[in-house]
Colleague: 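Let me begin by handing over the structure; questions about it come next.
Just so you know, residue 1 is the first one in the sequence shown, and it goes up from there. Here the structure is a predicted model, which means the values were calculated and not measured.
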Amino acid sequence: MSSIKQFQVTFDCAEPERLARFWCEVLGYVVPPPPAGFATWDDFNRSQAPEDQGSWFACSDPSGVGPRLYFQRVPEGKVAKNRLHLDVRVGTGLVGEERLAALEAECARLVPLGAVRMRLLYDGNDSCIVMQDVEGNEFCLD
């Protein structure tokens with residue numbers, strides 16, 4: 001059996017481009033160039049059937065290390081807690097107040113982008129901030 005070399009994380013969502021651009025800001029990801037033959041993503045979307053316009057969007061790690069993120073429009077809304085979520089690792093190697101300060105600084109950067117702070121988990125040494133993205137998907141600052 002061969003090992004898996006790459007994977008993509010797919011989000012079901014209502015507004016693929018909006019959610020993708022949010023995650024670009026969170027992770028430092030980039031929007032790839034539009035498909036061949038199109039000057040912009042808007043040009044590409046206008047070429048699609050009306051029901052397919054804006055139905056998906058993607059972004060990727062510019063270093064090529066992290067997984068590609070793919071966002072696809074689905075008709076149903078989010079109705080329950082995520083069964084899978086992303087941990088945004090901003091406090092790796094830090095402990096106590098230093099770790100908490102790094103997480104709080106990142107939280108302060110993300111809230112104006114549309115993220116929602118849900119709760120702080122802190123035991124005096126280890127910490128995590130549970131948040132929601134612009135469509136209510138939970139993620140953690142870790």
Colleague: Ignoring hydrogens, what is the shortest heavy-atom contact between Arg18 and Val134? Give both atom names and the distance.
Modeller: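 Residues Arg18 and Val134, closest heavy atoms: NH1-O, 3.5 Å.
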Colleague: Going from CG on Asp142 to CG on Leu86, what distance comes out if it is rounded to the nearest 0.5 angstrom?
Modeller: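 Going from the CG atom of Asp142 to the CG atom of Leu86 covers 11.5 Å.
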Colleague: Just checking, is any N or O donor in the side chain of Asn137 or Gln132 under 3.5 Å from an acceptor N or O on the other one?
Modeller: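 Per modelled atom types, Asn137 and Gln132 side chains form no pair under 3.5 Å.
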Colleague: With side chains defined as the heavy atoms from C-beta onward, is the minimum distance between Ser60 and Val30 less than 4.5 Å?
Modeller: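 Side chain of Ser60 against side chain of Val30, heavy atoms only: contact under 4.5 Å found.
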Colleague: Cluster question for you: counting only ILVMFWY and a side-chain heavy-atom cut-off of under 4.5 Å, with indirect links fine, are Leu27 and Val9 together?
Modeller: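 Yes, same cluster.
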Colleague: Identify the two heavy atoms, one from Leu103 and one from Ser127, that lie closest to each other, and give their separation to 0.1 Å.
Modeller: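 Scanning both residues completely, I find the closest heavy atoms to be CD1-OG, 3.3 Å.
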Colleague: Which heavy-atom pair separates Leu141 from Leu110 by the least distance, and what is that distance?
Modeller: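 That would be CD2-CD1, 3.9 Å.
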Colleague: Other hydrophobic cluster members with Leu94, side-chain heavy atoms of Ile/Leu/Val/Met/Phe/Trp/Tyr under 4.5 Å, chained?
Modeller: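 When side chains under 4.5 Å apart are linked, Leu94 ends up in no cluster with other residues.
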Colleague: Is the closest basic N to carboxylate O distance between Glu25 and Arg21 below 4.0 Å?
Modeller: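 Salt bridge between Glu25 and Arg21, a charged N being under 4.0 Å from a carboxylate O: no.
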Colleague: More than 12 non-hydrogen atoms from neighbouring residues, nucleotides or ligands closer than 6.0 Å to CD on Gln6, yes or no?
Modeller: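 Open: at most 12 neighbouring heavy atoms sit under 6.0 Å from CD of Gln6.
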Colleague: Excluding sequence neighbours, so at least two apart, what forms side-chain hydrogen bond (donor to acceptor under 3.5 Å, both in side chains) with Asp42?
Modeller: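 None.
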Colleague: Please name all residues satisfying side-chain hydrogen bond (donor to acceptor under 3.5 Å, both in side chains) with Thr92, sequence neighbours left out, ordered by chain then number.
Modeller: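 side-chain hydrogen bond (donor to acceptor under 3.5 Å, both in side chains) list for Thr92, sorted by chain: empty.
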Colleague: Could you pull out all residues at least two apart from Arg83 that satisfy side-chain hydrogen bond (donor to acceptor under 3.5 Å, both in side chains)?
Modeller: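 If we apply the side-chain hydrogen bond (donor to acceptor under 3.5 Å, both in side chains) test to Arg83, skipping adjacent residues, there are no hits.
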Colleague: Not counting sequence neighbours, list each pair that qualifies as a ring-ring contact (aromatic ring centres under 6.0 Å, His included) and has a residue in residues 76-103.
Modeller: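 Passing the test, one end in residues 76-103: no pairs.
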Colleague: Going by side-chain heavy atoms closer than 4.5 Å, which hydrophobic residues are tied to Val79, directly or by a chain of links?
Modeller: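 Other cluster members: none.
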Colleague: Hey, can you pull the donor-acceptor pairs under 3.5 Å for the side chains in residues 45-52, sequence neighbours left out?
Modeller:
{"residue": "Asn45", "atom": "OD1", "partner": "Gly54", "partner atom": "N", "Å": "3.0"}
{"residue": "Arg46", "atom": "NH2", "partner": "Asp43", "partner atom": "OD1", "Å": "2.4"}
{"residue": "Ser47", "atom": "OG", "partner": "Phe44", "partner atom": "O", "Å": "2.5"}

Colleague: Would you name the heavy atoms of Val111 and Met131 that are closest together and state the gap between them?
Modeller: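 Looking at all heavy atoms of both residues, the closest pair is CG2-CE, 4.0 Å.
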Colleague: Go through it in stages, so that I can follow the logic: the residues are Glu135 and Lys78, the test is salt bridge (charged side-chain N to carboxylate O under 4.0 Å, His left out), and I'd like the CA-CA distance, side-chain angles, deciding distance and then a yes or no.
Modeller: CA-CA 8 Å; Glu135 287 203 9; Lys78 183 179 180 313; over 6 Å; no
Colleague: Between Phe22 and Leu113, which heavy-atom pair has the shortest distance, and what is it?
Modeller: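 Of all heavy-atom pairs spanning Phe22 and Leu113, the closest is CD1-O, 3.7 Å.
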Colleague: Using the test side-chain hydrogen bond (donor to acceptor under 3.5 Å, both in side chains), find all partners of Arg68 that sit at least two apart in sequence or belong to another chain.
Modeller: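 Arg68: side-chain hydrogen bond (donor to acceptor under 3.5 Å, both in side chains) contacts with Gln8.
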Colleague: How long is the gap from CD on Glu15 to CZ on Arg73, to the nearest 0.5 Å?
Modeller: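 Reported to 0.5 Å precision, the distance equals 10.0 Å.
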Colleague: Supply the atom-to-atom distance Leu19 CG to Cys24 SG, rounded to the nearest 0.5 angstrom.
Modeller: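 Leu19 CG to Cys24 SG: 10.0 Å, rounded to 0.5 Å.
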Colleague: Any pair with a residue in residues 116-142 that passes ring-ring contact (aromatic ring centres under 6.0 Å, His included), sequence neighbours left out, goes on the list, sorted by first then second residue, please.
Modeller: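 Those involving residues 116-142 are Trp23-Phe139.
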Colleague: Once you round to the nearest 0.5 Å, how far does SG of Cys140 lie from CG of Asp87?
Modeller: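 It comes to 5.0 Å.
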Colleague: Under 4.5 Å between side-chain heavy atoms, chaining through other members, with only Ile, Leu, Val, Met, Phe, Trp and Tyr counted: pull out the rest of the cluster around Leu84, sorted by chain and number.
Modeller: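 Its cluster partners, ordered by chain and number, are none at all.
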Colleague: Please report the closest heavy-atom contact between Cys59 and Ala20, naming both atoms and the distance.
Modeller: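 The answer is SG-O, 4.0 Å.
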Colleague: Report yes or no: do Leu100 and Val90 belong to one cluster of Ile/Leu/Val/Met/Phe/Trp/Tyr joined by side chain heavy-atom distances under 4.5 Å?
Modeller: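 Per the 4.5 Å side-chain linkage, Leu100 and Val90 are co-clustered.
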Colleague: Quick check on the 6.0 Å ring-centre criterion: do Phe11 and Phe71 meet it?
Modeller: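 When the ring centroids of Phe11 and Phe71 are compared, they turn out to be within the sub-6.0 Å range.
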Colleague: Enumerate the residue pairs fulfilling side-chain hydrogen bond (donor to acceptor under 3.5 Å, both in side chains) with a member in residues 101-111, sequence neighbours excluded, ordered by first and then second residue.
Modeller: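 Qualifying pairs: Glu104-Arg117, Glu106-Arg109.
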Colleague: How would you list, by chain and number, every residue that makes a ring-ring contact (aromatic ring centres under 6.0 Å, His included) with Tyr70, sequence neighbours excluded?
Modeller: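 If we apply the ring-ring contact (aromatic ring centres under 6.0 Å, His included) test to Tyr70, skipping adjacent residues, the hits are Trp56.
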